[in-house]
Amino acid sequence: MRKLKKYKPTKFKAKTSRYDEEAADYAVYFIEQLRHTKGVWAGEPFELIDWQEQIIRDVFGTLKPNGYRQFNTAYVEIPKKQGKSELAAGVALYLLCGDGEERAEIYGCAADRQQASIVFEVAADMVRMCPALSDRCKIQASIKRITFLPTNSFYQVLSAEAYSKHGFNIHGVVFDELHTQPDRKLFDVMTKGSGDARMQPLYFLITTAGTDTKSICYEIHQKAKDILEGRKVDETFYPVIYGAEQDDDWSDPKVWKKANPSLGITVQLDKVKAAFNSARDNPAEENTFRQLRLNQWVKQTIRWMPMEKWDLCKADFGPNSLVGRVCYGGLDLSSTTDITAFVLIFPPIEGDDNYYVLPYFWIPEDNMEKRVLKDHVPYDTWSKKGYIETTEGNVIHYGFIEEFINKLGEIYNIKEIAFDRWGAVQMSQDLDGMGFTVIPFGQGFASMSPPTKELMNLVLSQKIKHNGHPVLRWMMDNVCVRTDPAGNIKMDKARSTEKIDGAVALVMALDRAIRNGGSSESVYDSRGLLFI
């Protein structure tokens with residue numbers, strides 16, 4: 001029997017558990033009787049790579065005093081193209097055919113049936129290519145089911161509606177790409193009590209890093225990190241994470257190797273290098289490379305704003321230094337229970353070719369604490385420090401905001417205010433009645449693309465200055481953009497993982513400033529002075 005080089009039993013073995021080499025050897029032997037089903041290795045024996053064998057030996061060879069497995073959950077987080085599907089298929093087949101469990105129920109789960117079918121199809125082909133299994137298994141491809149006849153056990157792919165169907169008696173679950181789960185419903189149904197009638201159920205969770213830090217996958221990721229780093233102990237949970245640290249040099253091939261244990265075997269160095277070169281030349285691809293190739297959790301699939309460049313635009317200036325200067329406003333109203341953003345941008349003047357940004361934000365006071373708990377965003381801290389205003393009640397008080405903007409108009413020469421024509425009709429009429437020039441602003445590609453691209457240019461050239469406002473920074477870091485076939489871009493609230501209202505308001509204000517060429521005409525020339 002081939003043994004893993006320098007194999008050491010897992011450090012997560014409980015004091016009362018033992019490493020059973022015979023049990024580990026048997027699991028490895030079973031899986032290595034299977035064959036690869038795709039690519040250059042199709043038809044070749046499935047010889048486990050060292051990192052794969054380590055997992056199999058740890059999970060199936062670590063036994064409690066009663067002889068049953070110590071680990072009920074195995075979480076494996078690893079970049080793409082490392083052999084995840086083959087390993088998951090091997091585990092599913094071992095649970096089905098090699099574990100000696102009568103009427104075992106093994107389920108394949110993913111975000112949708114098509115994704116879950118990827119591992120199933122690999123497993124089905126492995127069965128077809130193994131005479132010993134093909135004689136004992138019945139494959140029903142149409143319903144994605146494999147039955148092991150000697151024990152009347154089955155491996156079944158679940159539909160997307162499975163979370164509504166209780167009554168499972170689970171011996172094993174293979175969750176593929178856990179980070180794509182839209183919510184926790186399916187995960188909870190499959191893991192909370194569904195295996196209580198079995199002595200050693202196994203939940204095998206395998207995934208790349210994701211983008212949603214409020215997802216069930218990130219919750220499990222954090223638990224795995226806590227166990228790996230000694231902050232938590234759970235003797236039933238087996239954690240494996242391959243990936244680059246956040247402060248690692250993403251351009252270093254040594255980092256690539258650290259994050260990709262199958263580099264040079266299932267994925268070649270030139271493929272990773274080509275992906276890196278493309279990401280280096282196109283900032284929009286950087287997060288995709290970090291997520292899929294380096295297994296780093298990122299805020300969204302397409303990161304638009306390079307935050308290190310945004311931070312370089314921070315300048316030491318205060319609101320008083322801009323008194324009397326011409327500026328342009330952007331107003332973004334969300335729902336009455338959400339954040340409202342108003343951003344002023346001050347165009348260049350003689351002797352200073354920079355744009356200056358002053359942002360303002362409001363949130364309803366009564367629901368702020370609930371939003372802090374729900375969204376895990378420090379609105380309360382920001383409010384105490386004056387970075388976000390609260391309005392009385394559980395909905396935004398538009399009259400309060402209108403009066404606030406009116407007072408700003410007494411300090412700065414607000415020439416125009418751009419607003420989303422679909423969200424602020426009444427407020428725009430009220431502001432117009434106060435003497436402001438309000439301009440409806442479309443949210444489509446035609447309106448949004450030019451100022452959005454110009455904002456990026458100004459950031460990269462450090463020609464835009466902000467004072468490090470944490471709420472605006474948070475929103476800039478949340479921005480995800482959408483591109484049309486013509487190459488136009490716009491900020492996409494639906495795809496952005498968090499709020500971006502301040503970024504949208506900034507783009508609208510910038511558009512008006514650019515279109516007016518930085519005119520120094522005062523709003524007071526047209527509306528006169530207001531006395532209150």
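Just the heavy atoms: all of them, side chains too, but no hydrogens, waters or symmetry mates, feed the values below. Residue numbers start at 1 and run along the sequence shown.
Applying the side chain to side chain donor-acceptor pair (under 3.5 Å) criterion to Q426, with sequence neighbours excluded, gives D430. Residues passing the ring-ring contact (aromatic ring centres under 6.0 Å, His included) test with F361 are H469, sequence neighbours excluded. Listed by chain and residue number, Y155 satisfy the ring-ring contact (aromatic ring centres under 6.0 Å, His included) test with F120 (two or more places apart in sequence, or in another chain). For D366, there are no salt bridge (Lys or Arg N to Asp or Glu O under 4.0 Å) partners at least two apart in sequence or on another chain. Taking the salt bridge (Lys or Arg N to Asp or Glu O under 4.0 Å) definition, one finds that D380 meets it with nothing, sequence neighbours left out. With sequence neighbours left out, F342 forms a ring-ring contact (aromatic ring centres under 6.0 Å, His included) with no residue at all. For Y356, the ring-ring contact (aromatic ring centres under 6.0 Å, His included) partners are F317, not counting sequence neighbours. Among residues two or more places apart in sequence or in another chain, the side chain to side chain donor-acceptor pair (under 3.5 Å) test is passed with K463 by D353. With sequence neighbours left out, Q115 forms a side chain to side chain donor-acceptor pair (under 3.5 Å) with D176. Checked against salt bridge (Lys or Arg N to Asp or Glu O under 4.0 Å), K81 has no partners two or more places apart in sequence or in another chain. In this structure E219 satisfies the side chain to side chain donor-acceptor pair (under 3.5 Å) test together with R184, sequence neighbours excluded.
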Donor-acceptor list for residues 440-453 side chains, cut-off 3.5 Å, not counting sequence neighbours:
from	atom 1	to	atom 2	distance (Å)
Q443	NE2	F441	O	3.2
S449	OG	I489	N	3.1
T452	OG1	M448	O	2.5
K453	NZ	G487	O	3.0

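Side-chain atoms of D188 do not come within 3.5 Å of backbone N or O of K185 as any donor-acceptor pair.
Taking the six-membered ring wherever Trp is involved, the centroid distance between the rings of H397 and W362 does not fall below 6.0 Å. Ring centers of F187 and F175: under 6.0 Å apart, within the cut-off. Taking the centre of each ring, F346 and Y412 come in below the 6.0 Å mark.
In this structure, L263 and Q82 approach most closely via the heavy-atom pair N-OE1, 4.0 Å. Minimum heavy-atom separation, W250 to L294: CB-CD1, 3.7 Å. Nearest heavy atom pair, residue I170 against residue G172, reads CG2-N, 3.4 Å.
Shown are L506, L455, L358; of these, the side chain to side chain contact (heavy atoms under 4.5 Å, CB included) with I345 is made only by L506.
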